[in-house]
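Okay, structure first, notes after.
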Amino acid sequence: MTTTVADYLLSRLREWGVEQVFAYPGDGINGILGAFGRADDQPAFIQSRHEEMSAFEAVGYAKFSGRPGICMATSGPGAIHLLNGLYDAKLDHVPVVAIVGQTNRSAMGGSYQQEVDLLSLFKDVASDYVQMVTVPEQLPNVLDRAIRTAMSRHAPTAIIIPADVQELEYSPPGHAFKMVPSSLGIDWPTVSPDDAAVRRAADLLNAGSKVAMLVGQGARGARAEVEQVADLLGAGVAKALLGKDVLSDELPYVTGSIGLLGTRPSYEMMRDCDTLLTVGSSFPYTQFMPALDQARAVQIDIDAQMIGMRYPYELNLVGDAAATLRALIPLLERKQDRSWQEGIADNVRDWWQTMDREAHVEAEPVNPMRIFRELSARLPDNAIVASDSGSSANWYARQLRFRGNMRGSLSGTLATMGPAVPYVIGAKFAHPDRPAIALEGDGAMQMNGLAELLTVRRYWERWSDPRLIVAVLHNNDLNQVTWEMRAMGGEPKLVESQALPDMSYAGFAEAIGLNAITVTDPEKLGAAWDAALAADRPTVLDVHCSPDIPPIPPHVTFDQMKSSAEALLKGDENRWGVIREGIKTKAQELLPHRDES
Ligand SMILES: Cc1ncc(C[n+]2csc(CCOP(=O)(O)OP(=O)(O)O)c2C)c(N)n1
């Protein structure tokens, strides 16, 4: 039997260690589908309900495995559907390779059915590498470069293979003019800055007396080093959203998230520090950093393209986080005065008490924060958690305490709705032995999650640990938008835009054979989480919760409070509930409770 280009494509993916392709079929990739039929499930074809979900699954897989995620779609509409997921990969710096079909070469340029200019379509999202394979000899080089580029640039790349090329007999590139042979694999260097730069950074950090650290996902491999540096410098450490799982929230000096979704201790630490050390983060919101002339600052980042932005850093050190910190550690003098770090630890202790009180504010019927609070106490050490974009992202950032080997992520930069369920599906393919939990609003559920539960149903029996839990914040509202309009624009809830059609998420889950629990009483939340975490199959937790709890950041400005109040006075349908719950919630931050445990 001859080996087609498509057969070779799959064998090369196998050689790269690719175990599954997140995909959806169509006649633009019929040749590749045929090859899957001959490939004995290696790699496995994992079918989603929508190509955007395939791309999100590849992103989730890559985020939680550290390996490139591969997604595939047909030409035209299938390729177009991939885009949002690929942009999610691009903005969060995740290695994903998209493989798409195209019409036959003989039809190209003929405005043929499903013919879209795919090179132009992917030009921006896959700006690091997008190529069309037009002859068999081109394939190994294009595929290998797409994979290597995705890994080295932490970015999406794309390969376009016309349908007729997929069916051609494979012939390798030769030892000849205009042939481009290729090779597998890559060994990475450990990049560290030169000694003089490290010395300058150490001098700057030794000179400070109130050091704040900001860590992001780039510090993931440097947990022990970050802890050691924080101890030496007597520093507090804030975590950018994508770096929430870099450092344990049980460390007393970890102030948690920063920014719009952040904590008060992070906000105050940045407001009051005299020195800033940023490691592996391109956190975008300058207004949550120290004032521009307030702190002397050092940044460490592996990517020279991303360094030096967001703050007037005095020193920008390009290097691997762990290697650079290891070089720095012997040069740091342990701060004798520990009062700055102790003050931060006091604030952090207070903050968690406040969060607990806020989560216990009564609401009609359930306070959404309580969902996260009850989960936080029960999270298994090896849990993988994904949040969607919506009010859940606020509670994910502020209410969940990570420890152990927990992993967590969300669409940090694109902030797109709809990735939470496909992310945890990707996570289960990366780690079938770990429990995975998606937290998302009913809007995101209606947009993507519901349909993708069918994908969960299809595959869960393959996972050695069958626990995949989707908790739905059932508030019949696009609540984050409602609150943004109230707080930023002083506008009341626009019912036509934000009210959602009601349905039973548990009923849907039950109807397709998943475990389902409906919660309408906050006192039953803990038991519901216990049951979901003990279940022998995936579970949907349908939690009826209040839309009246404001996801207001800890540093809310007077203007925003005033805008919200004005919006309510303009005739917001939820005004009485909002005023009641909002005031009760905010009061928890102001009440004296330092001495309570
Ligand atoms: C694809 C996409 N469309 C629209 C938005 C704007 N947006 C951000 S949050 C949100 C509402 C989310 O509602 P829901 O999922 O019900 O969660 P809730 O905030 O109610 O908890 C919307 C519409 C977005 N981020 N992404």
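Basis for what follows: all heavy atoms, side chains included, without hydrogens, waters or symmetry-related copies. When a ligand or atom number is given, it counts from 1 through the structure's own listing order.
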Query raised in the report: Is the shortest distance from a heavy atom of Thr416 to ligand 1 less than 4.0 Å?
Result: yes
Query raised in the report: Can a donor-acceptor pair be found between the side chains of Lys63 and Ser409 at a distance below 3.5 Å?
Result: yes
Query - Check: Tyr423/Asp88 side-chain N/O donor and acceptor closer than 3.5 Å - result: yes
How far is [atom] from the closest protein heavy atom, and which atom is that?
atom: atom 15 (O) of ligand 1; value: Ala444 N, 2.8 Å
atom: atom 5 (C) of ligand 1; value: Met417 SD, 3.8 Å
atom: atom 17 (O) of ligand 1; value: Gly441 CA, 3.4 Å

Proximal ligand 1 atoms for [X], defined as those under 4.0 Å from one of its heavy atoms:
X: Val481; answer: 7 (N), 10 (C), 11 (C), 22 (C), 23 (C)
X: Gly390; answer: 9 (S), 19 (O)
X: Asp442; answer: 16 (O)
X: Asn479; answer: 18 (P), 19 (O), 20 (O)
X: Asp477; answer: 16 (O), 20 (O)
X: Gly443; answer: 14 (P), 15 (O), 16 (O)
X: Ser391; answer: 18 (P), 19 (O), 21 (O)
X: Gln480; answer: 9 (S), 19 (O)

Can a donor-acceptor pair be found, under 3.5 Å and without considering hydrogens, that links the side chain of [X] to the backbone of [Y]?
X: Asp542; Y: Ala506; value: yes
X: Ser389; Y: Thr416; value: yes
X: Asp388; Y: Ala420; value: yes

**Report entry** Cation-pi geometry met for Lys244 and Phe402 (6.0 Å, 45°)
**Finding:** yes
Requested in this report: Might you work through the side chain to side chain donor-acceptor pair (under 3.5 Å) test for Thr455 and Glu452, ending with a clear yes or no?
Outcome: CA-CA 5 Å; Thr455 305; Glu452 218 45 24; 2.9 Å; yes
When you compare ligand 1 with [X], is there at least one nitrogen or oxygen pair between them that comes in under 3.5 angstrom?
X: Leu478; result: no
X: Ser389; result: no
X: Asn475; result: yes

Query raised in the report: Between Asp245 and Lys239, is there a salt bridge with N-O shorter than 4.0 Å?
Result: no
Query raised in the report: Can we call the ring centroids of Phe429 and Phe22 under 6.0 Å apart?
Result: yes
**Report entry** Which segment of Ala415 sits under 4.0 Å of ligand 1 when only heavy atoms are counted
**Finding:** backbone
Requested in this report: Show the numbers, then the answer: is there a ring pair (Phe, Tyr, Trp, His ring centres under 6.0 Å) between His50 and Tyr24?
Outcome: CA-CA 7 Å; His50 184 299; Tyr24 203 83; 8.2 Å; no
